[in-house]
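Side-chain atoms are counted along with the backbone in the values below, which use heavy atoms only and exclude waters and symmetry mates. Proteins get letters first, then strands, A, B, ... in listed order; numbering begins at 1 in each.
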Amino acid sequence: MKLFTSVHDVSDINELVCEALRLKHAPFEHQHLGKNKTLGLVFLNPSLRTRMSSQKAAMNLGMNVMVLNVDKEGWALELKDGVIMNGTTVEHIREAAAVMGQYVDIIGVRSFPGLKDREEDYSEAIFNKFVEFCGVPVISLESATRHPLQSLADLVTIEELKTKNRPKVVLTWAPHIKPLPQAVPNSFSEWMCKADVDFVITHPEGYALNTDFTDDATITHNQAEALKDADFIYVKNWSAYEPYGQIFSGNEDWMLTNKKLEQTNNAKVMHCLPVRRNLELSDEILDGPNSVVIHEAGNREWAAQAVLKKMLEVL
Amino acid sequence: MKLFTSVHDVSDINELVCEALRLKHAPFEHQHLGKNKTLGLVFLNPSLRTRMSSQKAAMNLGMNVMVLNVDKEGWALELKDGVIMNGTTVEHIREAAAVMGQYVDIIGVRSFPGLKDREEDYSEAIFNKFVEFCGVPVISLESATRHPLQSLADLVTIEELKTKNRPKVVLTWAPHIKPLPQAVPNSFSEWMCKADVDFVITHPEGYALNTDFTDDATITHNQAEALKDADFIYVKNWSAYEPYGQIFSGNEDWMLTNKKLEQTNNAKVMHCLPVRRNLELSDEILDGPNSVVIHEAGNREWAAQAVLKKMLEVL
Amino acid sequence: MKLFTSVHDVSDINELVCEALRLKHAPFEHQHLGKNKTLGLVFLNPSLRTRMSSQKAAMNLGMNVMVLNVDKEGWALELKDGVIMNGTTVEHIREAAAVMGQYVDIIGVRSFPGLKDREEDYSEAIFNKFVEFCGVPVISLESATRHPLQSLADLVTIEELKTKNRPKVVLTWAPHIKPLPQAVPNSFSEWMCKADVDFVITHPEGYALNTDFTDDATITHNQAEALKDADFIYVKNWSAYEPYGQIFSGNEDWMLTNKKLEQTNNAKVMHCLPVRRNLELSDEILDGPNSVVIHEAGNREWAAQAVLKKMLEVL
């Protein structure tokens, strides 16, 4: 594997899930692969889980890791081509990416969307420039429109915890106070559409996702109907795709509660975290027996390690 | 050892000091213990000595280290239970701590007091929540009320440099311009009360420490009397315990000078650093032969390594 | 080698260049040298290339690395002696440097000039205090007046890519919008004056460098004349040495373009990066066949590794 930016970069998602689960049970068996190899983690936005799980995964494989907080360490990158750089940006992404590629064997990049210009965000301009210019394999640590390491960890979690074949998996919108990217629900949707699950998306009117990501999913505005008999519920807020990046008042009753779990098949509750307690998810769920959010976060390590191993094998 | 937050977590402080001194003379002999083990260092407040010495100690033991500057990397944690998180905090400490615990084998946490609400600070709310939710052994990198790695390094320094049994050790308050926590003097006091030393505390009126930490110490407002025949002088500013977090004008003459050393037993002068020169301690002392502050800072490495070794041995 | 702050610390620059090129072809052959040795990288100013290349070089040699962003991690250092520290600085460089030296075997320090007080900047007060107090070998990661790791990488690049003996190397001033330090051109000049090249400096009137660094160079205000038959062109902006730190309007036509390359010997174009596109250097050059800036940045790794290896050999 040379690139990991979406489910489309994976030839066999079931095999990748199995790889992650094998690594979970024997994390340190492939350290020859990473010896004298270096992973660069480039953050244009903050990160907790992704940073720690990716770093840990790389170290499990014997790799060295260098972390670069571009957002905090004061290096404003120019992203547009052809401009006269007489403003606030100090380096063009063409040089920055190419230089980083000189010092590492694999690069992970995090770059959030601006949520202002849909076309720009969905073109993945920043992320794709990194891929184009850095000259080494690239892993998405969440881009403007996708979060594939999260989605892989989600699928690993479902595979681990499912109690029957083809479980019912429901992605439900949840309330929030700020406009959030569509990256996590987009990505989760396109992975679930390829997985052996019965996949349903539910959200209030106005929050339809880009259909490129949801093609094979059942979509409904009726949350109660969607949750019925669910085996897994994936809770997540996102802002509107149209009008882009907007949020609408109301819908506070979309918060998941224990009451709503009653009509499910004792569903396990997932969330990519960070989660706003008592806004997206109630305390009673997060502190109760149905929540698997910490377990799910733990699986981020094995998802990252599986992807890194595939990349190291062909380096 | 599963927890290192105070002297009460140590069954035998003399043995721990001996362990630190053994490691100082053979730092790299136990790298099998730390192989494929990871230390997470979580800073909610800035750190220089603690960060470097803990990281170095872990690497000496063959561990990997991940550093997370929660204060700088933009992750505002919610600490209160039951609240609706519709404000500025993005993640609850329950999830944040539990997630960090998924990726590391031992966590070190630094969390300063607010110095506004004594009950809250002295309940060690933040630190104890980390311990409760992270699920792995925890080392205090300085909490609201204690700094045990510093105190252990201080005791190591006294054991190394003492020229007689049961030396006289004096903790003296020093002037400062800002209200500082009581963590270092609290912690130093409770360690000295357990050590084989003659321990005296001296401070101006108004700066009495919480008696839970100073029970067996001699306490006086007469600095000259306290310093008489001292073998070690520990210089440190702190704010009042009552009224909590306050400082009072005056007392500039409490700065330690060479003149004051004359009545001591050629005392060695200690300070946890950072030190405000010519405010807490004069240049002449810091640059003179009696200062052992750099040596003391160097011992932070062996204190941290001794604690990490005890934790690794029972992991 | 115990100190690497300028070309004057190098007994044989040709041998050091050869060492760098040997390491480039066999990066991992000397890991016994760095085993259980730690490099501390102390940044008082931002860094991308220097940070990554130094860290990578150290890891190639088997070293551990600790990075300290003093500028970002909130530790305001006092640099002046004898002051009463009752202001905003929390620690004196005397203690900070000495403490850092306790935990590492080699320290790299980056400290930019203020560009306000020439005497202070050219005395290298901050850098020299670090050297004086830290007690371990020190590598400059760019100081107020020099950037020797960059210059070594530049010479390595010239040696690698030259097609004839004694190539003509031209340092040309380039436009910018902000006053930049003289460190890179100073340093490049003093290395080129010692190298086996025909070295020419060209800049507009008013931008003469300190002659301590340029003694043996040919200097002209006629850029076209300077570029004639050049084999390498080193493009760089700098502010005036006299009046210190000033910039003058005009001179936009000093930007290097393909047109100007026509009179050269198909010159290779170098720049230390970051570069302001279409201000210092045109897109057409940076994206064209004559630019070697990424290759040059890659050589930073081998320059750093050569210096670290020399230091480790005598540690």
Side-chain angles (χ1 to χ4, degrees), chain A residues 32 34-44 46 55 58-59 62-108 129-130 132-136, chain C residues 26-29 31 41 43 45-65 67 69 71-73 153 175-178 180 252 255 271-284 286-287 291 293-302 304-305:
Chain A
H32 57 287
K35 188 172 163 57
N36 291 327
K37 296 285 187 289
T38 301
L39 173 67
L41 295 175
V42 180
F43 291 100
L44 282 78
Q55 189 170 351
M59 297 188 306
M63 299 185 81
N64 292 316
V65 181
M66 296 198 287
V67 178
L68 206 69
N69 294 314
V70 176
D71 55 340
K72 304 293 171 195
E73 286 160 5
W75 218 264
L77 295 183
E78 178 60 53
L79 305 171
K80 296 216 182 332
D81 283 335
V83 299
I84 298 172
M85 287 175 58
N86 57 5
T88 55
T89 55
V90 301
E91 180 151 32
H92 201 283
I93 196 168
R94 286 171 176 259
E95 274 75 51
V99 167
M100 292 176 196
Q102 295 285 308
Y103 307 129
V104 299
D105 299 284
I106 299 172
I107 284 186
K129 283 224 169 68
F130 249 94
E132 183 178 354
F133 295 111
C134 76
V136 295
Chain C
F28 308 120
E29 282 193 354
Q31 298 193 339
L41 295 175
F43 291 100
N45 301 96
S47 171
L48 172 77
R49 271 152 287 277
T50 301
R51 175 193 306 263
M52 291 185 79
S53 60
S54 304
Q55 189 169 351
K56 183 63 165 22
M59 298 188 306
N60 289 348
L61 287 163
M63 299 185 82
N64 292 315
V65 181
V67 178
N69 293 314
D71 55 338
K72 305 293 170 195
E73 286 159 5
H176 205 282
I177 57 158
K178 293 203 312 183
L180 295 193
E252 287 80 3
M255 181 173 81
H271 190 290
C272 63
L273 305 183
V275 61
R276 298 258 182 162
R277 279 178 171 251
N278 301 315
L279 186 64
E280 296 176 81
L281 268 171
S282 62
D283 278 343
E284 62 182 5
L286 281 166
D287 300 327
S291 169
V293 299
I294 303 303
H295 183 99
E296 180 187 1
N299 280 335
R300 294 290 308 273
E301 181 174 344
W302 321 112
Q305 192 168 342

Interatomic distance, [X] atom [atom1] to [Y] atom [atom2] [nearest 0.5 angstrom]:
X	Y	atom1	atom2	value
C:Leu48	A:Met100	CG	CE	4.5 Å
C:Ile294	A:Phe133	CD1	CZ	10.0 Å
A:Thr38	C:Asn60	OG1	CG	7.0 Å
A:Asn86	C:Glu252	CG	CD	10.0 Å

Notebook entry, point to check: If you count the non-hydrogen atoms of other residues, nucleotides and ligands that lie under 6.0 Å from CD1 in A:Ile84, is the total more than 12?
Noted result: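 Check fails, neighbour count at 12 or below.
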
Exercise. Excluding sequence neighbours, so at least two apart, what forms side chain to side chain contact (heavy atoms under 4.5 Å, CB included) with A:Lys35?
Worked result: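 So A:Lys35 forms a side chain to side chain contact (heavy atoms under 4.5 Å, CB included) with C:Gln31.
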
(message) I'd like to check the side chain to side chain contact (heavy atoms under 4.5 Å, CB included) partners of A:Lys37; sequence neighbours left out, ordered by chain and number.
(response)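 Residues passing side chain to side chain contact (heavy atoms under 4.5 Å, CB included) with A:Lys37: A:Met63, A:Asp105, A:Leu312, A:Leu315.
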
Is it the side chain or the backbone of A:Val42 that comes within 4.5 Å of chain C heavy atoms, both, or neither?
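Neither part; nothing is under 4.5 Å.
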
Does some side-chain heavy atom of [Y] sit less than 4.5 Å from a side-chain heavy atom of [X]?
X	Y	answer
A:His92	C:Leu286	no
A:Asn64	C:Gln55	no
A:Val104	C:Met52	yes
A:Gln102	C:Asn299	no

Self-check item: Option in C:Ala297, C:Pro27, C:Gly62 with maximal non-hydrogen atom pairs under 4.5 Å from chain A
Solution: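 If we count pairs closer than 4.5 Å to chain A, C:Ala297 comes out on top.
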
- Query: In chain order, what residues pass the salt bridge (charged side-chain N to carboxylate O under 4.0 Å, His left out) check against C:Glu301, with sequence neighbours excluded?
  - Reply: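 Salt bridge (charged side-chain N to carboxylate O under 4.0 Å, His left out) list for C:Glu301, sorted by chain: C:Lys56.
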
Practice task
Spell out the residues in residues 274-283 of chain C that have some non-hydrogen atom less than 4.5 Å away from a non-hydrogen atom of chain A, in order of number; otherwise answer 'none'.
Solution key: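 Interface residues of residues 274-283 of chain C: C:Pro274, C:Val275, C:Arg276, C:Arg277, C:Asn278, C:Leu279, C:Asp283.
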
Q | Structural part of C:Asp287 lying under 4.5 Å from a heavy atom of chain A | A |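 Just the side chain, heavy atoms under 4.5 Å.
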
